[in-house]
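These notes are about the structure you will find just below.
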Amino acid sequence: MTNPPSSDIPAQYDAGATERALYAAWEAAGLFHAESAQTTRGGGTRDPFTIVIPPPNVTAVLHVGHGLNNAVQDVIVRWRRMAGDEALWVPGTDHAGIATQNVVEKLIAAEGSTRFAMGREAFVERTAEFVRQTGGVILQQLRAIGASADWSRTAYTLSPELSHAVRECFVRLYEKGLVYRGYRVIHWCPRCLTSLSDEEAEFKDTHGKLYHVRYPFADDPAQSITVATTRPETMLGDVAVAVHPDDARYRHLIGTELLLPIANLRIPIVADAFVDKEFGTGMVKITPAHDPNDFEAGKRLGLAMPVVITPDGHMGEVHDADGRVPASLRGLERFDARKKVVKMLQAQGFLVKIDQHHHAVRHCYRCHTVVEPRLSDQWFVKMAPLAKPALEAVQAGKVRIVPERWNAVYVNWMEGIRDWNISRQLWWGHRIPVWHCACGHDAALREDPTGGCPRCGGAWTQDEDVLDTWFSSWLWPISTLGWPDKVDGADLKAFYPTDVLVTAPEILFFWVARMIMAGLEFTGRVPFHTVYLHGTVRDMQHRKMSKSLGNGIDPLEVVEKFGADALRWTMIAGMGMGVDVLLDPDDLEKSFAPGRNFATKLWNIGRFLLMQVGHEPVRALSSLDRASFRSADHWIVNRLADAVFDCDAALGPARPPQGTWPEHQRQVGLRLDAHAEAARRFLWNDLADWYVEACKSRLAEPGEDRELARALLVHCFDHGLRLLHPIMPFITETLWQRLPGYVDGTWLMKAAWPVAPARSDASSSFDVVKDVITAVRQIRNDYALPPTQQLTAHLLGNAAAAEIALAERVFVQRMARAELATADVAALGAAAHALLAGGLEVVIPLEGIVDVARERGKLETELAQLDKQLASLRARLGNAGFTDKAPAPVVDAERAKDVEWTARVAQLRAKIRAMGGA
RNA sequence: GGGCGAAUAGCUCAGUUGGUUAGAGCACCUGCCUUACACGCAGGGUGUCGGGGGUUCGAGUCCCUCUUCGCCCACCA
C-alpha cells in the first residue's frame with residue numbers, strides 16, 4: 001500500500017497546487033508521448049489515433065476560444081488513449097504572416113522606425129527574434145488547462161522542415177500548372193499594403209451612399225445620361241459606360257461618346273451582358289482597374305485599365321492614367337477624395353442626387369480597413385481541379401463534417417470555388433520560390449539557384465512576394481508528420497491520415513477545405529475522417545468575446561480561481577453539438593459554478609468513500625458472488641453498465657469502418673456534453689445519492705456484507721472516475737491514485753476505458769424501494785414535517801400508518817435499513833410493495849399526498865390505448881398480408897412494432913398488478 | 001440575390017427511424033447545517049413544443065404554408 005492514509009485527504013481540494021504538480025508528473029512520466037512503433041501501421045498492436053492542433057498564431061495569448069477548442073481536443077485524445085489507441089496530439093504554432101508582421105510593425109513604429117526604413121532583411125530578422133523571444137507563450141498556457149499534447153513534436157509553420165513542405169508544394173503545383181501568375185483586380189488592403197484572398201476580405205454590412213452622377217454627351221453637352229456609384233472617386237478611372245445589349249432604351253446610344261466629368265475625357269457607351277437592366281438607371285460606369293466586375297468587362301471589350309489609386313489608398317496617376325487625376329485631387333486620401341469629388345460634381349452641376357445605400361463592403365480581416373479592389377500582378381492557385389476530389393471525399397463519406405448543417409455549406413462553397421490568391425506583398429512568411437530574369441525566363445525552384453539565369457546568364461532574382469499564411473496551414477496534417485522530407489518516415493506512416501480535426505466553423509474554408517484538398521493532392525488520402533466544428537464562446541448578449549469589446553474571459557484566471565477541471569467541465573458539459581457556449585465575463589463565479597460545484601462534490605464523494613472503505617484492497621468485481629448481492633448492489637452495477645453504455649454511445653465510433661462513414665453513422669458520436677452528463681449522473685445521482693447512502697449501515701459492521709459493499713463502492717468509483725477522466729483529468733487522477741489497491745506508478749490517464757459489467761435483472765426491486773422513499777419524502781415535504789419527526793398515527797390513523805411510520809424513521813436515516821438487513825431480494829420487493837399499497841389506502845382520503853391512484857389510472861388509460869392501437873395495427877398487418885400494396889420492409893417494421901407493443905402491454909399489466917390491482 | 005438552418009420551461013439546449021405522463025443544466029420557490037459535501041441535501045414544473053393546414057389509429061417528430069430569427073456564399077454599380 002503506497003497510497004496515503006485516507007484520513008490525510010484534505011477537506012478542501014486545492015486545484016491550483018494539485019494540477020500543477022500532476023501535469024508535471026504526467027509529463028515527466030512521458031504519458032503525452034506517442035510512439036509510431038506502437039501503432040498497427042508501425043508494426044505494433046495499437047490503433048493509431050491522431051489529432052493535429054489548429055495552430056494558434058505564434059504571438060497569440062490564450063483566450064477562452066482557444067480554451068474551448070483545446071479542451072475538446074484533449075477530451076477526445078484522452079478518451080482514445082484510455083481506449084487503448086496510440087493517441088497522438090500534435091501541437092504547434094502558425095507564423096501568422098499579416099498578424100505577426102502587424103505586431104512587429106507597431107513595435108518598431110513606437111521606436112520611430114518603419115519596415116521600409118529598416119529594410120527587408122533586418123525587418124525579417126527582427127520579427128524572427130521577436131518570435132523567438134515572445135512566441136509560443138500560448139503553448140505553455142495550454143499546459144495549464146491540461147492539454148495532453150506530445151510536446152516533443154511541437155511544430156511551427158516557418159520551421160525549416162515545414163518551409164520545405166511549403167516549397168515542395170508550391171513547386172509541384174507550379175509544375176502541374178495549378179499555380180499561375182495573373183494580372184487582375186484583387187482585394188487590396190491599403191493599410192497592410194498587401195493583396196488578400198477572397199476569404200480574407202470579409203463582408204461587413206455598411207450604411208453607404210449611392211451617388212447618381214450625370215455624364216453629358218460629348219457632342220451635345222446639353223444632353224446627358226445618369227450613372228450610379230458608391231465610390232465616386234473611382235470615376236477618374238472610368239473608361240466607358242455600359243448598357244445591356246438588349247436594353248431597348250439605350251440600344252441606339254451604343255457607340256456614342258460621353259464626357260467624363262472632372263477628368264474631362266471622352267468615353268464611349270458600350271454594351272455588355274453583365275449589366276442589370278433593372279438596377280438604377282440600367283447604365284453602369286466601367287472602371288476596369290478598380291472593380292473586379294468592370295475588369296472582366298474591360299477585358300472582354302478590350303478597354304484601357306487606368307489605375308488611379310496608389311497602393312496606400314491615395315489618388316494618383318499610378319498606371320496608364322496620364323492626365324486623369326487633376327492636380328487638386330492628386331495625393332488625396334481616398335475617402336477625402338470621395339468628399340472632394342462629390343463637392344466638385346455638385347459645383348459643376350453633375351451631381352443628380354445622393355441615396356442612402358445599404359450594402360456589404362469588404363474589409364481586411366486583420367486590420368478591418370476597407371479593402372480597395374485594385375489591378376495587380378499576383379500568384380494564384382487554380383482550385384477547381386483540387387476541389388473536385390475534396391468535394392467527392394465528403395460526399396462519399398471519406399470525411400464527415402459534424403454537425404451536419406456544415407456539409408451543405410461545404411458543398412455549396414466547393415461547387416462555386418474560385419481561384420486562390422496566394423501572394424502577399426509582405427515580408428514575414430515563406431518567400432515565393434520563383435526566380436525571374438529580365439529575359440523573360442522564370443522558374444519555381446526547390447533549391448535556391450547558385451548562378452544566374454540558365455537561359456541567358458543574366459541576373460536571376462527571386463520573387464519579392466511571400467505566400468499567404470494559409471498556404472502553409474493547408475499542409476499542416478502532412479507537414480507536421482514529416483512530409484515531404486520523410487515521406488517514408490515512421491510518423492507519416494503511423495499517424496497519417498489523422499483522425500479528428502477540431503475547429504471553429506469560421507475557418508472551414510480558410511483551412512479545413514484546403515487541408516482536404518492538399519491531403520488528397522499530395523498523399524492521395526484525406527487528412528482526417530472527421531471534422532468536428534464547435535461553437536463560439538459568447539457573452540450573455542450573444543456577442544463574440546473580443547479584446548475590443550472587453551468582454552473576454554481569461555482562461556488562466558478561471559484556472560487560477562476554480563481549477564482547470566472546473567473550466568473544462570463548464571465548457572464541455574455546457575456545449576451542445578456545434579452550439580455556442582454562453583458565459584458571463586462579469587460573473588465568473590456564476591459562469592463556472594457547474595464545474596466548480598461538481599469538482600467539489602466529486603472531492604467529497606471521494607473523501608467520504610475512501611474514508612469508509614479504508615486501505616485494504618478489495619475483491620475484483622468478477623470474483624464477487626452475485627447470489628449474495630443486495631438489491632442495491634444489483635442496481636448500482638446496472639447503473640454502471642448504463643453509464644458505460646451511455647458514454648460509449650455519446651462518444652460514438654472512433655473511426656469509420658473500412659475507411660468510409662456509412663450514411664447512418666455520419667452524425668453519430670462526439671457528443672461530449674452527453675458523455676459528461678452520463679458520467680456526472682452516475683457519480684453524483686446514482687453512486688453518491690443512493691448507493692453510498694445505502695451502504696452506510698453496511699459498512700459499519702465488519703463481515704462479508706461489508707466486504708461486498710467495499711468492493712462495489714471501489715469498483716464503481718474507479719470506473720466512474722475513468723469515464724470522467726477525459727473531461728476532468730486532474731481531480732479524477734488524484735482521487736483514483738488514492739483508491740485502495742492502487743499500484744504505484746500506474747496512471748488513470750493510461751488506465752483502460754471501462755467495459756460495461758454484466759447486467760442483472762434483479763435490480764428492479766431497488767427501484768421500488770427508491771419509489772417508496774421518494775413517496776414518503778413527498779409526504780414529509782407536503783406536510784412540512786421536520787426530518788426527525790415521524791409520520792404519526794394521528795395523521796394517518798390506521799394500522800398501515802405503523803408501517804409508514806417505521807419506514808419514515810428508517811428513511812430519516814437516509815435509507816430503508818429494514819430493506820438492507822435482509823438479503824432476500826424478492827422479500828424486499830414485496831415489503832416495499834406492501835408499504836406502497838398500504839400507503840395508498842391510507843393516503844387517498846388525505847387527498848393528493850401520494851397519488852398512486854391517479855398513477856394507476858394513467859397506466860390503465862395507456863393500456864387501453866395501446867390495446868386499441870395494437871388491434872388496429874394487427875388489422876393492418878392482416879390486410880398487408882393479403883395484398884401486395886404494402887412494401888415488405890414496412891410490414892417488417894410494423895411486425896417489429898407489434899412485438900414491441902405486445903411486450904409493453906404485458907409490462908403495463910404487470911406494473912398495474914404490482915400496484916395492488918387486478 | 002443564391003444556399004442552409006433554427007423556433008420546445010424564465011435562460012441555454014436535448015428529444016436518434018412517428019408510439020408510455022415532452023427531458024437536462026442553470027435560474028427560481030419551499031424545507032433542512034441529517035456525523036462527505038450549504039460549492040450541499042430533500043421536495044417542487046410554472047410548457048397551447050412559433051401560427052395555420054395536412055398525412056396517420058397516433059405528430060414536438062413527417063408534408064405544405066405563414067411569421068420571426070440566424071448562418072454561409074455572392075461582381076446590383
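A note on names: the letters A, B, ... follow the listed sequences, proteins ahead of strands, and every chain is numbered from 1. Since we're looking at a predicted model, the values are computed, not measured.
- Here the separation of U34(B) from C41(B), taken at their C1' atoms, is 8 Å to the nearest Å.
- Atom OH in Y410(A) sits about 18 Å away from atom P in G5(B), given to the nearest Å.
- Looking only at atom types and distance, the side chain of Y215(A) has a donor-acceptor partner in the side chain of D238(A) under 3.5 Å away.
- To the nearest angstrom, C1' of G43(B) lies 15 Å from CG of N685(A).
- Heavy atoms of I605(A) sit under 4.0 angstrom from at least one base atom.
- A gap of 23 Å separates the C1' atoms of C37(B) and C29(B), to the nearest Å.
- As rounded to whole Å, 12 Å separates atom C1' of C11(B) from atom CG of D584(A).
- Between the P atoms of U17(B) and A6(B), the separation comes to 13 Å (whole Å).
- For C33(B) and G45(B), the C1' atoms lie 28 Å apart once the distance is rounded to whole Å.
- At the heavy-atom level, A242(A) lies nowhere under 4.0 Å from the strands shown.
- For R607(A), the listed nucleotide lying nearest its side chain is A36(B); candidates were A36(B), G5(B), A27(B).
- Between atom CZ of residue F203(A) and atom NE2 of residue H359(A) there is a gap of 10.5 Å, rounded to the nearest 0.5 Å.
- More than 12 heavy atoms of other residues, nucleotides or ligands sit less than 6.0 Å from atom CD of Q541(A).
- Pairing partner, G1(B): C73(B), with both Watson-Crick or wobble hydrogen-bond distances short of 3.5 Å.
- Counting to the nearest Å, the C1' atom of C41(B) and the CG atom of D689(A) are 8 Å from each other.
- Nucleotides G47(B) and G60(B) are separated by 11 Å at their C1' atoms, to the nearest Å.
- The side chain of T600(A) lies closest to C39(B) when the candidates are G25(B), A36(B), C39(B).
- Taking atom P in both A24(B) and C66(B), one finds a spacing of 36 Å when rounded to whole Å.
- Among the heavy atoms of the strands, none lies under 4.0 Å from W569(A).
- The distance from atom CZ of R405(A) to atom C1' of C69(B) is 14 Å, rounded to the nearest whole Å.
- Cation-pi contact between K353(A) and Y211(A): absent, since separation from the ring centre below 6.0 Å together with deviation from the ring axis within 45° is not met.
- N421(A) and S197(A) share no donor-acceptor pair across their side chains, judged by distance under 3.5 Å alone.
- Here G25(B) presents its P atom at 14 Å from NZ of K601(A), a figure rounded to the nearest Å.
- Ranking A36(B), A14(B), A24(B) by closeness to the F608(A) side chain, first place goes to A36(B).
- The side chain of A408(A) has C4(B) as its nearest neighbour among C4(B), A14(B), A27(B).
- Pairing partner, G40(B): C32(B), with both Watson-Crick or wobble hydrogen-bond distances short of 3.5 Å.
- For the residue pair H187(A) and D198(A), a side-chain donor N or O sits within less than 3.5 Å of a side-chain acceptor on the partner.
- With hydrogens and angles left out, the side-chain atoms of H542(A) and D580(A) include no donor and acceptor closer than 3.5 Å.
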Per-nt protein contacts along nucleotides 70-77 of chain B (heavy atom under 4.0 Å; B base, S backbone sugar-phosphate only, - none) come out as -SSSBBBB
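- By the neighbour-count criterion of 12 heavy atoms within 6.0 Å, atom CZ of F645(A) is sparsely surrounded, having that number or fewer from other residues, nucleotides or ligands.
- Sequence order on RNA chain B of the closest nucleotides to D580(A) and R671(A) puts D580(A) first from the 5' end.
- Across all strands shown, nothing is found opposite A9(B) as a Watson-Crick or G-U wobble partner with both distances under 3.5 Å.
- Comparing C39(B), C13(B), A27(B) by their closest approach to the side chain of K590(A) singles out A27(B).
- Other residues, nucleotides and ligands contribute at most 12 non-hydrogen atoms within 6.0 Å of the NE2 atom of H207(A).
- The same atom, P, is picked in C75(B) and in G5(B); the two are 23 Å apart, to the nearest Å.
- Using a 4.0 Å heavy-atom distance criterion, H290(A) is classed as making no nucleic acid contact.
- Protein atom NZ of K696(A) is 7 Å distant from nucleotide atom C1' of A36(B), rounded to whole Å.
- Atom name P, nucleotides U8(B) and G2(B): the rounded distance is 27 Å, in whole Å.
- Distance from the side chain of N604(A) is smallest for A36(B) among the nucleotides C39(B), A36(B), A14(B).
- Straight-line distance from the CG atom of L672(A) to the P atom of C13(B): 17 Å, rounded to whole Å.
- Taking side-chain N and O atoms only, W684(A) has no distance below 4.0 Å to OP1 or OP2 of C39(B).
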task: Evaluate the criterion salt bridge (charged side-chain N to carboxylate O under 4.0 Å, His left out) for residue pair R362(A) and E200(A); output intermediate values, then yes/no.
output: CA-CA 9 Å; R362(A) 288 191 186 259; E200(A) 290 171 316; over 6 Å; no
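- Base pairing analysis places C62(B) opposite G54(B); the two distances defining the Watson-Crick or G-U wobble pair are each below 3.5 Å.
- For R680(A), whose side chain is taken as the heavy atoms from C-beta onward, the closest listed nucleotide among C41(B), G25(B), A36(B) is G25(B).
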